[in-house]
**Q** 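Next up is a structure, given as structure tokens.
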Amino acid sequence: MRDDYQQLVDEITAVLRAPATLENRDFALIAFGAQDSEDRDDTEEPALDPVRTRSILQRRSTAAVRAWFEAFGIARAQAPLRIPPDPAAGVFMGRICLPVRHRGVVHGYVWLLDDGHLSDLELGGRSGAPDPRLARAMETADRIGALLAAEARAGEELGELLRDVLTGPPAGRDAARAGLRTALRGAGDGPLALVAVLPWTPGTGEDADHPGLPHLPGIVAACALPGTAAAGAGLATLVRLRAATALDPARTTAEQLLRSPRATAGSPNGVPARAAAGVSAPRRGLEELPAAWQEALAAARAAHADMRLGPVAEWSAIGPYRLLAALPALQPDAAVRPLLEPAHAELARTAETFLDCAGQAGRTAARLGIHRQTLYYRLSRVRQLTGLDLDAGEDRLLLHMTLKAARLGAPRR
């Protein structure tokens with residue numbers, strides 16, 4: 001289907017004699033057209049725009065660029081819009097935006113650089129009749145919208161099957177797995193990995209009619225999952241791997257997903273949430289997907305809790321969080337609870353770092369950037385608050401695990 005998008009974008013480029021770029025609703029690049037050098041005079045320098053260059057190279061626009069364009073109502077537009085430049089947002093050239101819609105729902109945008117060569121293009125705002133070339137381009141944009149809508153519907157059906165396999169009632173999982181295997185054909189045989197993204201915000205307001213599921217190379221199915229007591233609402237994506245021992249495609253997908261606006265939306269209290277992603281161990285086939293989902297979810301929670309692991313963490317690399325994430329939520333041990341008060345956050349961080357460094361004072365002081373005497377003083381305060389002996393193995397284990405569990409239960413902001 002990607003070849004179909006490229007062909008349609010090339011049609012728009014040829015009709016308007018200007019390079020067109022197609023992005024989906026979340027500003028992820030789908031296809032772009034190249035400008036033929038014969039369309040310009042030999043004396044002209046090619047028009048370069050950093051926003052378009054970044055979109056092509058990094059496959060996505062920045063949040064500032066997205067906000068600038070959306071402020072012009074592109075998500076509600078029924079006809080082409082001319083948008084002026086804004087150097088403050090990094091938009092050094094104006095744009096003509098062709099909304100890509102299907103049955104009233106916006107599925108993407110076709111962008112044209114308004115670099116002077118399209119200045120005579122009448123959008124229809126004053127005369128009521130757009131330029132014939134633009135009318136042809138909009139017909140092509142409508143065909144793109146139909147393709148994106150069909151892809152979205154197929155993706156939603158796959159997502160429903162994946163959701164049933166991962167979290168549905170045990171009695172229905174076999175049927176869901178069989179349906180998913182049929183829909184995926186050979187891709188269901190693997191190798192595969194699951195990627196979890198936390199948080200993932202469903203569409204609201206103008207986005208409410210748009211499913212918001214990702215369309216990235218390598219993703220064979222995706223579904224949004226509601227929050228639980230252990231984790232907030234998230235996204236599950238099933239990713240095809242090139243080899244059973246190579247998780248690079250899954251990591252790349254996770255990094256791309258974390259740049260989505262749906263992964264960086266505000267939390268309920270208005271504070272911007274920091275998203276994180278987890279990658280499961282590779283799997284062959286679909287039989288172990290529920291276990292793989294628990295791995296990916298645990299890795300995402302660990303990356304969310306511990307910045308040293310994130311923003312993308314693999315299940316095999318999260319150490320003690322593999323065990324802690326599988327445990328039900330527990331109240332902190334009574335001895336350690338005083339150390340978890342906000343007033344003692346620095347002491348808790350010192351104790352955790354000391355235990356992470358296997359009790360080596362020199363390494364701990366260097367990692368914290370403090371003098372050894374300061375470290376010894378803080379550790380003595382930890383002993384006074386908790387009553388634990390940091391020279392005793394069991395006390396150290398209790399303190400270390402309680403601190404890690406508390407970190408896992410407190411999402412990072």
Side-chain angles (χ1 to χ4, degrees), residues 23-29 54-55 58-67 70 155 159 162-163 166-167 193-205 207-208 210-219 221-239 247-280 292-315 317-318 321 324-325 407-413:
E23 293 180 332
N24 69 13
R25 181 66 178 81
D26 288 330
F27 284 58
L29 182 70
R54 185 188 188 279
S55 175
Q58 300 188 20
R59 319 297 293 181
R60 186 175 294 279
S61 298
T62 65
V65 169
R66 174 188 171 105
E70 289 188 331
L162 178 62
R163 184 183 298 110
L166 299 183
T167 61
L194 272 167
V195 172
V197 178
L198 297 174
W200 188 265
T201 306
T204 57
D207 287 342
H210 193 273
L213 296 179
H215 299 285
L216 295 172
I219 293 180
C223 64
L225 294 171
T228 65
L235 177 76
T237 56
L238 187 60
V239 181
L247 285 170
D248 290 350
R251 288 192 65 90
T252 298
T253 296
E255 291 165 357
Q256 292 173 319
L257 291 172
L258 288 177
R259 293 196 288 269
S260 169
R262 297 182 186 272
T264 55
S267 64
N269 62 6
V271 178
R274 292 190 179 183
V279 180
S280 75
W293 170 240
Q294 294 306 314
E295 293 175 359
L297 189 60
R301 291 178 60 201
H304 207 272
D306 194 330
M307 294 182 67
R308 293 171 300 175
L309 297 173
V312 179
E314 296 179 13
W315 161 255
I318 63 173
Y321 293 112
L324 293 172
R407 180 185 289 276
L408 191 64
R412 188 180 79 227
R413 298 293 180 209

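Just so it is clear, the structure is predicted and the values come from calculations on it, not from any experiment.
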**Q** I'd like to check the salt bridge (charged side-chain N to carboxylate O under 4.0 Å, His left out) partners of R251; sequence neighbours left out, ordered by chain and number.
**A** E314
**Q** Testing I219, L238, V239 for side chain to side chain contact (heavy atoms under 4.5 Å, CB included) with V195, which one passes?
**A** V239
**Q** Once you round to the nearest 0.5 Å, how far does CZ of F27 lie from OG of S260?
**A** 11.5 Å
**Q** On a heavy-atom basis, which atom in A263 and which in A275 lie closest, and how many Å separate them?
**A** O-CB, 2.9 Å
**Q** When rounded to the nearest 0.5 angstrom, what is the spacing between CZ in R301 and CZ in R407?
**A** 14.0 Å
**Q** List the atom of L257, the atom of W200, and the distance in Å for their closest heavy-atom pair.
**A** O-CZ3, 3.8 Å
**Q** Working to the nearest 0.5 angstrom, can you tell me the gap between Q256 CD and T237 OG1?
**A** 10.5 Å
**Q** With rounding to the nearest 0.5 angstrom, report the CG to CH2 distance, L297 to W315.
**A** 10.5 Å
**Q** Locate the shortest heavy-atom distance separating L309 from A317; write the atom from each residue and the value.
**A** CD2-O, 3.7 Å
**Q** What residues, two or more places apart in sequence or in another chain, satisfy side chain to side chain contact (heavy atoms under 4.5 Å, CB included) together with T167?
**A** R163, L225, W293
**Q** Quick check: closest heavy atoms across L408 and A305, and the distance to 0.1 Å?
**A** CA-CB, 3.7 Å
**Q** Is the backbone of A193 close enough, under 3.5 Å, to the side chain of S280 for a donor and an acceptor to pair up by distance?
**A** no
**Q** What is the minimum heavy-atom distance between A254 and A277, and which atoms define it?
**A** CB-CB, 3.8 Å
**Q** So which heavy atom on L235 is nearest to which on A224, and how close?
**A** CD1-N, 4.1 Å
